[in-house]
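Here is the structure we will look at, set down as structure tokens.
All residue numbers refer to positions in the sequence shown, counting from 1.
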Amino acid sequence: MAIRLKQAGIHDLVVLEKAGGLGGTWRDNTYPGAACDVPSHLYSFSFEPRTDWSRRFPPQREILEYLWHCARKYEVLPHVRFGCEVTGARFDEDAALWRISTSDGDLSARVLVSACGQLNRPALPPIEGRETFAGAGFHSARWDHGVDLAGKRVAVVGTGASAVQIVPEIAGVAGRLTLFQRSAPYVVDKPDRPYRDWERTVLERVPGAYHLSRARTYALYESRALAFVKYPKLMEGMRARFRRNLHRQIPDPGLRAALEPDYPMGCKRILISNDYYPALTRTNVELVTEAIDRVVPAGIVTRDGATHEADVIVYATGFRSTGFLAPMRIHGRGGRELGREWRDGAEAHLGITVHGFPNLFLLYGPYTNLGHNSIIYMLESQFRYVLGCVEALRRHRLDWIEVRADVQDAFGRQMQERLRATVWEAGCESWYMTADGKVVNNWPGFTFAYRRATRRPDPRDFTARRAS
């Protein structure tokens, strides 16, 4: 967003980053095996292609390097205040400014853009006795690299995307690995491999080769939206792929039965891995499906009364995904507080603008997550839309613009109606939904449809106050 603003001639901007470095999820998630599940040519900005990725699916370290490269090349770093956490913001109607409170002092801005992401606050499970554990315990997104796992008894709680990457990496190091599974994930094979030298040469030197690769990958992944949002029965083809993978890699029928999900495929995130199932067949790895009762100093006690001793507990238990801007307290016009406005689930027109909160724009807001394609494509659509709003403020000399309540409400109703037909509401709990079961994270359609919807802001969707 900062790059796009600068390219539009807007240099009076600041990026507030609570951490000591940039990178978001790729800075925070440094656990063994961390990598992306979207191919590298698609998981990168369209305006900054990279032809020398080491693999088809990029590892964490390379993505972080890429983000730093972009920040340096486009001279964003002088605009960044590291170690500056936003605690709250209040819209000053008289001055038409956002008054922003941070850990490093207060500042004011005409426009406030939230780029917090959806998966930035680790969720630790409410298990009794967690604090009594005598060994090392940490969340996967806060990996403690000072803890040596060699020969240790390691417990991994959770079987989501992070666990599927972690378990194969540490199973060969740990003396004993116990994996606690609440619900089995769908895991399909990962079409990953290193790029050959000649391939990288072609991508770099042959005009159009990189963009052709990116377009081909986009089309392949975009076609999967049909199964997620329109015709869930098309998931049967993917399910057959899952079952082949499971039967080929898990010979033991008892273990195979424990790894068979009991919910429709796609209802939760589909995971990709070539080494997760083989890791579970190791003699030093045990899969526990009994529910956890409590943590004790020696390890984890399950509901059947068994104590599973451990030296280290890794909580691969995901994130608090539906709070969006939480824990920041954002106050708009007339004393509105965003948390209260969203008590029944977050709502924002196109996932970007919220009624009652002028000149506030969200990136990766509600209804913009995907189950089938690259979030980078969605974000670039949002960059253009936000930039269009900022340019409208400048061009028409406006104090503020604010999305109309009826426009936001109509969009929210449309989203909920369309979501009812998707696989995400097929009967399971997931991080896509609130505690009350309302899906608020995902876009129920094609990404090209979202790009068309966000091509430019429609003035009819907004009210405005002209500068005096």
Self-check item: Residue among Leu287, Val157, Ile166, Val314 satisfying side chain to side chain contact (heavy atoms under 4.5 Å, CB included) with Leu179
Solution: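 The option that passes is Leu287.
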
Self-check item: Single hit among Val156, Thr289, Val288, Thr159 for side chain to side chain contact (heavy atoms under 4.5 Å, CB included) with Phe180
Solution: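 Passing option: Val288.
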
Less than 4.0 Å between a side-chain N and a carboxylate O, is that true for [Y] and [X]?
| X | Y | answer |
| --- | --- | --- |
| Asp92 | Arg99 | yes |
| Lys190 | Asp37 | no |
| Asp436 | Lys438 | no |
| Arg466 | Asp399 | no |
| Arg465 | Glu402 | no |

Practice problem: In sequence, state the C-alpha distance, the side-chain angles, and the governing distance for Arg50 and Asp52, and then conclude on salt bridge (charged side-chain N to carboxylate O under 4.0 Å, His left out). | Solution: CA-CA 6 Å; Arg50 174 175 172 174; Asp52 62 345; 2.7 Å; yes

Under the ring pair (Phe, Tyr, Trp, His ring centres under 6.0 Å) test, residues paired with [X] that sit two or more places apart:
| X | value |
| --- | --- |
| Tyr231 | none |
| Trp26 | Tyr43 |
| Tyr195 | His41 |
| Phe57 | none |

Are any side-chain N or O atoms of [X] and backbone N or O atoms of [Y], one a donor and one an acceptor, separated by less than 3.5 Å?
| X | Y | result |
| --- | --- | --- |
| His396 | Leu398 | no |
| Asn120 | Gly117 | yes |
| Trp443 | Phe446 | yes |
| Asn442 | Pro444 | no |

Quiz item: Arg27: what forms a side chain to side chain contact (heavy atoms under 4.5 Å, CB included) with it, not counting sequence neighbours?
Solution: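 Arg27: side chain to side chain contact (heavy atoms under 4.5 Å, CB included) contacts with Glu17, Ala19, Leu64.
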
Quiz item: What residues, two or more places apart in sequence or in another chain, satisfy side chain to side chain contact (heavy atoms under 4.5 Å, CB included) together with Gln7?
Solution: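 Once residues adjacent in sequence are excluded, the partners of Gln7 under the side chain to side chain contact (heavy atoms under 4.5 Å, CB included) criterion are Ile3, Arg4, Tyr74.
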
Check: [X]/[Y] side-chain N/O donor and acceptor closer than 3.5 Å:
| X | Y | result |
| --- | --- | --- |
| Ser273 | Gln165 | no |
| Tyr367 | Gln416 | yes |
| Glu380 | Ser46 | yes |
| Gln60 | Asn29 | no |

Practice problem: Assert yes or no for the condition that the ring centre distance of His349 to Phe411 is strictly below 6.0 Å. | Solution: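 So the answer is yes for these two rings.
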
Quiz prompt | Straight-line distance of Ile401 CD1 to Thr463 OG1, nearest 0.5 Å | solution =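 Taking CD1 in Ile401 and OG1 in Thr463, the distance rounds to 9.0 Å.
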
Quiz item: Step by step, would you call Tyr377 with Tyr218 a ring-ring contact (aromatic ring centres under 6.0 Å, His included)?
Solution: CA-CA 9 Å; Tyr377 186 91; Tyr218 172 80; 4.9 Å; yes

Can you tell me if [X] has over 12 outside heavy atoms packed within less than 6.0 Å of its [atom1]?
| X | atom1 | value |
| --- | --- | --- |
| Arg248 | CZ | yes |
| Arg193 | CZ | yes |
| Asp12 | CG | no |
| Arg394 | CZ | yes |

Quiz item: Tell me the salt bridge (Lys or Arg N to Asp or Glu O under 4.0 Å) pairs involving residues 229-241, sequence neighbours left out?
Solution: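 Output for this query lists Asp189-Arg241, Arg239-Glu260.
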
Quiz item: Are Glu347 and Arg413 close enough, and set up right, to give a salt bridge (charged side-chain N to carboxylate O under 4.0 Å, His left out), and what steps lead you there?
Solution: CA-CA 10 Å; Glu347 295 287 347; Arg413 287 193 301 270; over 6 Å; no

Qualifying residues under side-chain hydrogen bond (donor to acceptor under 3.5 Å, both in side chains), relative to [X], sequence neighbours excluded:
| X | result |
| --- | --- |
| Thr422 | none |
| Arg214 | none |
| Arg336 | none |

Quiz item: Taking only residues two or more places apart in sequence or in another chain, which ones pass disulfide (SG to SG under 2.5 Å) with Cys428?
Solution: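 Disulfide (SG to SG under 2.5 Å) list for Cys428, sorted by chain: Cys267.
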
Self-check item: Ring-face cation of Lys268 near Tyr186 (centre distance under 6.0 Å, axis angle within 45°)
Solution: no

Exercise. Tell me whether the guanidinium CZ or amine NZ of Arg456 lies under 6.0 angstrom from the six-membered ring centre of Tyr385 and within 45° of its axis.
Key: no

Quiz item: According to the disulfide (SG to SG under 2.5 Å) rule, which pairs have a member within residues 24-58, sequence neighbours left out?
Solution: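 Qualifying pairs: none.
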
Quiz prompt | Candidate list Phe361, Phe91, Phe357, test ring pair (Phe, Tyr, Trp, His ring centres under 6.0 Å), partner Trp400, passing option | solution = Phe91

Quiz item: Stepwise, does the side-chain hydrogen bond (donor to acceptor under 3.5 Å, both in side chains) test hold for Thr454 with Gln382?
Solution: CA-CA 7 Å; Thr454 56; Gln382 293 161 39; over 6 Å; no

Quiz item: At their closest point, which heavy atom of Val229 faces which heavy atom of Gly445, and how far apart are they?
Solution: CG1-N, 3.7 Å

Exercise. Just do the ring-ring contact (aromatic ring centres under 6.0 Å, His included) check on Trp143 and Phe138 with the steps written out, would you?
Key: CA-CA 6 Å; Trp143 194 271; Phe138 47 85; 5.0 Å; yes

